[in-house]
Undergrad: 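Here it is: the structure, laid out below.
From a predicted model like this one, the values you see are computed outputs, not experimental measurements. Sequence lines set the chain letters: A, B, ... in the order given, protein chains first and strands last, and positions in each chain run from 1.
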Amino acid sequence: MTDENKISRRDFLARAAKAGVSVAAFSAAAKLLCESDVRKMLPMPEIFTGFKDYSVPAMAGKTMSIVSGADRTQTVSKAIELLGGIDRFVKPGETVLLKPNVGFARPARIGATSHPDIISEITRLCYEHGKAKKVYVMDNPINDPASCFELSGISAAAAKSGAEIILPRENLFRPVSLKDGKLIQNWPMLYEPMKRVDKVIGIAAVKNHARSGASMTMKNWYGLLGGGRNNFHRDINTIIVELATLVKPTLVILDGTDVMMTNGPTGGSVSDLKKTDIMIAGCDQVAVDAFGATLLDMTPQSLPYLIRAEELKLGTTDYKALKPLYAEVKA
Amino acid sequence: MKITAARKLSQVFFLTLLVWLCVVETLGTKFFQLRGWPVNIFLQLDPLTAIATAVSTHKLFAPLLWSLATIILTILLGRFFCGFVCPFGTLHQFVSYLAHKNKTAKELIAIHQYHKTQNIKYYILLVFLIAAALPSVQNLQIGLLDPLPLFTRTVNILLLPIADNVGNVLSATDRLYKTAPLVLAVFLIFTLLNFILPRFFCRFICPLGALFGLLNRFSIWRINRNSKCTDCKMCNKRCQGYCQPSETIKLSECLLCCNCLDDCKFDAIDFNTASSNTIQSEPDLSRRGVLAAGFTGLLAMPAFKLIAAPNSEQIVRPPGALSEQEFAKRCIKCGQCMRICPTNVIQPCGIENGLTNLWTPTMNNRMGTSGCQLDCVACGYICPTSAIRPLTLSEKLGKGNFADKGPIKIGTAVIDHAKCLPWAFGVPCIVCQENCPVSPKAIHIKTTESGLQLPYIDSGKCIGCGICQHECPVSGDSAVVVKPFGQTREKN
């Protein structure tokens, strides 16, 4: 090495110091991050135990109402009025989430999805009489989500009445566990919107369903599930009961205007529908579904999930004991 | 305003327009969604699509008449489309600009020299057109390299999904496409070739450019060099077509970038009707080259088919697809059906379906959001060449006037008893029956003595929509799969 190439002491020390710091930094980082058990390296997702309780205090004699009539806008309005009006359920400034059944990309007249008239009327009531701050409409459909909301007419109904559609985007799901639940353990559900809102109103139609017997308001909570939820069909009664345990709604609406007697829950032809012109509203989803079963010419006792729900004290299948309020709306 | 500034504006406009028209192929009624935008206009203006499908089908599908406008303007003015309109060319020009902007004028003049190898694009055109014309092996493959289907496909199944999957503005769930990596590879290769020579694709490969090069030989207005020329050769510096304006101008190569008009400091170059002997109007094609290309064209399709080509009839096509033979004469692989499909179930075929079927549409029920949507006929309406025929909802569903014909069948679902939960494991399920959208259901249930519900398929009622296949809880390959047998198109 010639003299001119020789490193000066000063430069050498500076370089050595920098090298030393680099070595120390990498060593420290390695020490800090080192972990021998791979299980401790896995992320620990935050698991949420259920949803909050959206129900409102009971009022004697005002738990369930049954209104006959062909016009859904009028019957649903009347059914809610009988229970004390929407202001019993929605307080000024609250946010409300409507959970209709938007499972299939079909027009409303097929009856596979909740009817848009119900959506726009309840939204109107929430805004005008309940003074709600915001109304959302959410479901995780089976068919293509955007298509389901468009074709069912629910997008248009929401746009008309000022409700906002929440599509089931991936970032809205969180793992949820139901205490003592068998199936809902660390399972992705539409947790984020449910967390944000103050009140939840379930809206379902009465539909034939080969696996569970009938798809009504309790089965409707299936639309909050994400993931490979079809696997739950092997134990359909358990999942319906667990969902009904998990969700304590403010109100449920069961639409029996056109009952899907066969080919459910998709339907596909108006000949699958029977005109019964009944609208039910209630705070007890078990009782509401028990009554709904009769519209399908079934007894509540023939639906195992209703029996189990009653055993768990989620509600009563003896809807008559609740003394439902009856009314008729003439067109 | 300088003519080159006008050209740049025009290029940016048309590039933006093509991307925008792909963006609006989204379900809904907002301004950025489907509401009557002319989403096929680039493919309809493309004379190569028109000519190649006319060669293969012996007819011109009416919406492709738009291409006549391009042809007429090209005959009169020259290759204005390459210079002012082509979005793929714009992209290449921009990348080339970035790649070569630090070069000196001398280096630029050197790399922009005409070379007769650039005539290879004429032979490419010839190979594809002859292959399309052959009666026994009719197969339209021009969509592989025709820049408009190529770029439309790239935007539809590669670039837009990448952009949208970041924020999911257009669709709530990610749009995913099989074979997107292959589309990416082709796109990257053609883009990166610009680093070797500017507008490499346009110069050597583009069969549409070659077609324009054959059409513009009688053009009335041309780039001309007059006697004021000092032979400084600066006109070659940014010549996008490599037509060597400083020498005998190769008219067939001039794509009207108009850079030479800008770069000439002596007013020696004009765009006018002057008659000049400094122009060569036809491309440098050799008889030997044409013969070789013709021969290659004759053999190309049999060779193509040899490469991993199962029977095309085994592919499940979208509803309304013509019979496989007629379909193959029309599909230009543009990916419009795949973009517009609201459920993302229409997927590009990979090479496992045979090289001739690469990027043609197939139904992949395990992908997308839920099989073929019953009340939807979008793919037939968008298909620019009607390889997928437009169906009314009545015709698709077999209702109204079509009640006696019955619904359009995409295929038939079959249950694999070795995988099906009730059949193979005795576990209750019947998700397939629940989701079957036809009424009465094509999947029915028989209950065993022990109460187990077993699904059966009624092949007469099944329309092959694939919703059962999508929803089947058996992970991996579904226990119920749509096969192409029974599809309505066989009768076409």
Side-chain angles (χ1 to χ4, degrees), chain A residues 103-107 109-112 140-152 155-156 159 165-172 207-212 215 219 222 226-238 260-273 304, chain B residues 26-30 33-34 165 167-168 170-174 341-345 368-376 378 393 397 399 407 421-422 425-445 447 453 455 461 463 465 467 470-475:
Chain A
F104 304 101
R106 329 204 74 155
R109 66 190 151 79
I110 298 293
N140 182 20
I142 295 170
N143 295 166
D144 177 62
S147 306
C148 288
F149 278 98
E150 286 292 334
L151 292 188
S152 63
S155 281
I165 303 271
I166 300 178
L167 290 174
R169 294 174 191 275
E170 207 162 331
N171 58 2
L172 301 178
K207 297 195 289 180
N208 152 275
H209 190 268
R211 184 72 193 94
S212 66
S215 170
K219 169 79 172 61
Y222 226 93
R229 57 184 174 176
N230 284 341
N231 280 297
F232 294 144
H233 269 58
R234 60 184 70 182
D235 201 353
I236 191 91
N237 292 303
T238 304
M260 188 178 285
M261 302 300 289
T262 55
N263 250 327
T266 54
S269 165
V270 283
S271 63
D272 296 327
L273 305 176
Chain B
T26 305
L27 178 77
T29 51
K30 300 196 185 78
Q33 297 171 328
L34 262 187
N165 292 356
N168 287 135
L170 296 177
S171 50
T173 43
D174 286 357
C341 176
T343 69
N344 199 192
V345 67
T369 50
S370 64
C372 176
Q373 199 159 287
L374 203 65
D375 290 331
C376 173
L393 264 185
L397 303 177
K399 290 181 176 169
L421 294 179
F425 306 103
V427 171
C429 177
I430 63 163
V431 168
C432 52
Q433 184 268 356
E434 174 182 329
N435 284 290
C436 177
V438 299
S439 172
K441 286 184 185 290
I443 304 180
H444 57 269
I445 299 299
T447 308
Q453 295 166 308
K461 295 198 187 93
I463 55 170
C465 71
I467 290 177
H470 184 267
E471 295 299 324
C472 175
V474 174
S475 54

Undergrad: Given that the side chain runs from C-beta out, which part of B:Gln453 has a heavy atom under 4.5 Å from chain A: side chain, backbone, both or neither?
TA: side chain

Undergrad: Against chain B, label A:Ile142 side chain, backbone, both or neither, depending on which of its atoms sit under 4.5 Å from a heavy atom there.
TA: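 For A:Ile142, backbone and side chain are both near chain B.
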
Undergrad: Please classify the contact of B:Ser171 with chain A as side chain, backbone, both or neither, using a heavy-atom distance under 4.5 Å.
TA: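 Interface part for B:Ser171: backbone (N, CA, C, O).
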
Undergrad: Which atoms of A:Pro141 come close to chain B, meaning under 4.5 Å heavy atom to heavy atom: side chain ones, backbone ones, both, or neither?
TA: neither

Undergrad: Quick one: which of A:Arg106, A:Arg211, A:Arg169 has the most heavy-atom pairs under 4.5 Å with chain B, could you say?
TA: A:Arg211

Undergrad: Given that the side chain runs from C-beta out, which part of B:Gln373 has a heavy atom under 4.5 Å from chain A: side chain, backbone, both or neither?
TA: side chain

Undergrad: Please look at B:Cys376 and chain A and tell me whether the side chain, the backbone, both or neither of the residue comes under 4.5 angstrom of a heavy atom of that chain.
TA: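 When you check distances to chain A, no heavy atom of B:Cys376 falls under 4.5 Å.
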
Undergrad: Does some side-chain heavy atom of B:Leu421 sit less than 4.5 Å from a side-chain heavy atom of B:Pro473?
TA: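 In short, these two side chains touch, coming nearer than 4.5 Å.
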
Undergrad: Identify which of A:Asp272, A:Asn230, A:Ile236 forms the greatest number of heavy-atom pairs closer than 4.5 Å to chain B.
TA: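 Maximum pair count with chain B is reached by A:Asn230.
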
Undergrad: Between A:Tyr222 and A:His209, is the gap from one ring center to the other below 6.0 Å?
TA: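 Between A:Tyr222 and A:His209, the centre distance exceeds or equals 6.0 Å.
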
Undergrad: Which one, A:Ala105, A:Ala146, A:Ser147, leads in non-hydrogen pairs under 4.5 Å with chain B?
TA: A:Ser147

Undergrad: Which bit of A:Phe149 is near chain B, if near means a heavy-atom gap under 4.5 Å: side chain, backbone, both or neither?
TA: neither

Undergrad: Pick one of side chain, backbone, both or neither for A:Asn263, based on which atoms fall under 4.5 Å of a heavy atom in chain B.
TA: both

